[in-house]
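As structure tokens, the structure follows; a few thoughts come after it.
Note: hydrogens, waters and symmetry copies are ignored here, and every other heavy atom, side chains too, is used. Per chain, numbering begins at 1; letters A, B, ... match sequence-line order.
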There are 2 protein chains.
Amino acid sequence: MKENTGKSKYVMLGMLARMPQTGYTIKKWIENEYSHFWQESFGQIYPTLKKLVAEGLAVTSNHTQNGNGRGQIVYTITDAGRKELSDWLKEEPEIEKIRYELLLKVSFGENTEPEVLLGHLDNFIRRNDKLVKEMNGYIELCGQFKEQDIDCSYSQLTALCGAYIYSAMRDWAVEAKRIIKEKEDDK
Amino acid sequence: MKENTGKSKYVMLGMLARMPQTGYTIKKWIENEYSHFWQESFGQIYPTLKKLVAEGLAVTSNHTQNGNGRGQIVYTITDAGRKELSDWLKEEPEIEKIRYELLLKVSFGENTEPEVLLGHLDNFIRRNDKLVKEMNGYIELCGQFKEQDIDCSYSQLTALCGAYIYSAMRDWAVEAKRIIKEKEDDK
DNA sequence: ATCATAATATATCATAATGATATGTACTGT
DNA sequence: ACAGTACATATCATTATGATATATTATGAT
């Protein structure tokens, strides 16, 4: 089997479905609001955007030199693009594959001192704690918008998922520290 | 900056630190016990193993044709390899980057019917439920080994992390379903 | 006023990682 | 006898990342 552009194509379509924008703003948007479950690099974004145009899924309205930077290319989704996006949304999502370097290091723990792992876990707890707070802040913000009849329910749902994951990771790390310390005391 | 072979190198070293083995058994091991936080493909494993030998971090003891398949190459870690692994374990783990296709689809939810999302969430709940059970089974197994003085504490810790994550994901999905339905009823 | 640097914006490339496919032997069940 | 699976290595096209190059404008510091 072939015919698989990867998911980047659909991410671009999803972004353009919200509003016409440039590759740069798509990148910023993903960095700011998607980073806990998705990321895209410029090396994917720009070629994918060009492919979208070649396939008739988006069109460009070239706003050369409107003040910002060195001239921007604004992409707008077409009806065919919306159809393509909608079709993809119906497909069963692939099973996610994750790479947690911390877990890898924990699993190789016998090859280092427990203090090394405890240090990594401390940093991990701090980071996840901060992320939980960020997510909760974002969820609250969405709630406020909702009162003003601005709907961001789906963004709120993904933020809620972030809050769940980061909490779980923090709780696990706290428990992991306890178990490692207990094991040390036994010796 | 350059000089970054990626993490595969250290995964191979960590695997070989346990026992001398072939690329194939490394792959199987990662699939069976690491899949919830790491994965490697043959396209990475075999070339990386060769690099390890070139760098003096592993040696091969060529057991050509000992009965299994078409002849195997057994890799054994060297002292230099153990040093390299130990040094890497001390380094601060990189921030993980994750791609949850389901979350992406939820965040683009406005472009499809709520039923589509609810269906995806149902499958997601089922899958995560199964995984939680798998993890708990594995944790229990480790506990039994411990009574026989076989230490698999670190594997147990990573399985515990899996249990935490998968539970969190399941709980989130249940809550997400509730929120989406509630929103539908409001209309 | 000048100067550094941050932000906006596009583009490309080497490296890394995946997924698929090819090749081949040996064991297991029907 | 034959199909299917497990063992085992290898390669390649596609996909993704991270770094770097280029260029303009806005902003803050001296």
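- Remark: T25(B) is not in phosphate contact with dC7(D), judged by side-chain N or O atoms under 4.0 Å from OP1 or OP2.
- Among the atoms of the strands shown, base atoms are found under 4.0 Å from some heavy atom of S41(B).
- Where W38(A) and K28(B) meet DNA chain D, the nucleotide closest to each residue was compared, and K28(B) sits on the side nearer the 5' end.
- The side chain of Y24(A) lies closest to dA9(C), out of dA9(C), dA8(D), dA16(D).
- For dT10(C), one of the phosphate oxygens OP1 or OP2 lies less than 4.0 angstrom from a side-chain nitrogen or oxygen of T22(A).
- One can place CD of E94(B) at 14 Å from C1' of dA19(D), the figure rounded to the nearest angstrom.
- A cation-pi arrangement is absent between K133(B) and Y138(B), since the terminal nitrogen or guanidinium carbon is not both under 6.0 Å from the aromatic centre and inside a 45° cone about the axis.
- Mapping K50(B) and K97(B) onto DNA chain D via the closest heavy atom, the residue that lands nearer the 5' end is K50(B).
- Contacts of G43(A) with the nucleic acid, taken as non-hydrogen atoms under 4.0 Å apart, include base atoms.
- Residue R99(B) has a polar side-chain atom (N or O) positioned under 4.0 Å from OP1 or OP2 of dT17(D).
- When the side chain to side chain contact (heavy atoms under 4.5 Å, CB included) test is applied to A17(A), the partners found at least two apart in sequence or on another chain are I77(A), R82(A), L85(A), N111(B).
- Rounding to the nearest 0.5 Å gives a distance of 8.0 Å between CG of L52(A) and OG1 of T78(A).
- Following rounding to the nearest Å, I45(B) (CD1) and dT11(D) (P) show an atom-to-atom distance of 15 Å.
- To the nearest angstrom, P of dA20(C) lies 14 Å from CD of Q39(B).
- Across all strands shown, K27(A) has no heavy atoms under 4.0 Å from either base or sugar-phosphate atoms.
- We find that NZ of K7(A) is positioned 17 Å from C1' of dT17(D), with the value rounded to whole Å.
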List the atom pairs, with distances to 0.1 Å, where a side-chain N or O of residues 99-109 of chain A and a protein N or O form a donor-acceptor pair under 3.5 Å, not counting sequence neighbours.
unit_1	atom_1	unit_2	atom_2	d
R99(A)	NH2	Q39(B)	O	3.4
R99(A)	NH2	E40(B)	OE2	2.9
E101(A)	OE1	E94(B)	N	3.1
E101(A)	OE2	K105(A)	NZ	2.9
K105(A)	NZ	W88(B)	O	3.1
K105(A)	NZ	E91(B)	O	2.8
S107(A)	OG	L104(A)	O	3.0
S107(A)	OG	Y34(B)	OH	3.1

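- Between the CD atom of E31(B) and the P atom of dG19(C) there is a distance of 11 Å, rounded to whole Å.
- Regarding contacts with the backbone of dT17(D), every side-chain N or O of Q44(A) stays at 4.0 angstrom or more from both OP1 and OP2.
- Rounded to whole Å, the distance from NZ on K9(A) to C1' on dA16(D) is 17 Å.
- Each of dT18(C), dA11(C), dT9(D) was ranked by its minimum atom distance to the side chain of Y46(A); first place goes to dA11(C).
- Partners of K130(A) according to the salt bridge (Lys or Arg N to Asp or Glu O under 4.0 Å) rule, which considers only residues two or more places apart in sequence or in another chain, do not exist here.
- Partners of R126(A) according to the salt bridge (Lys or Arg N to Asp or Glu O under 4.0 Å) rule, which considers only residues two or more places apart in sequence or in another chain, do not exist here.
- Residue F42(A) contributes atom CZ, which lies 16 Å from atom C1' of dC13(C) at whole-angstrom precision.
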What dot-bracket string describes DNA chain D from 5' to 3', counting Watson-Crick and G-U wobble pairs whose defining distances are under 3.5 Å, with [ ] for crossing pairs and | for pairs to another strand? ||||||||||||||||||||||||||||||

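- Under the side-chain hydrogen bond (donor to acceptor under 3.5 Å, both in side chains) criterion, the residue pairs touching residues 166-175 of chain A are D129(A)-R170(A), E175(A)-R178(A), with sequence neighbours excluded.
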Residue pair K28(A), E31(A): steps toward the salt bridge (charged side-chain N to carboxylate O under 4.0 Å, His left out) verdict: CA-CA 5 Å; K28(A) 291 296 129 180; E31(A) 269 175 15; 3.4 Å; yes

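- Between the CG atom of N32(A) and the C1' atom of dA7(C) there is a distance of 13 Å, rounded to whole Å.
- Here dT17(D) is the nucleotide among dT18(C), dT17(D), dT10(C) with the atom lying nearest to any side-chain atom of E40(A).
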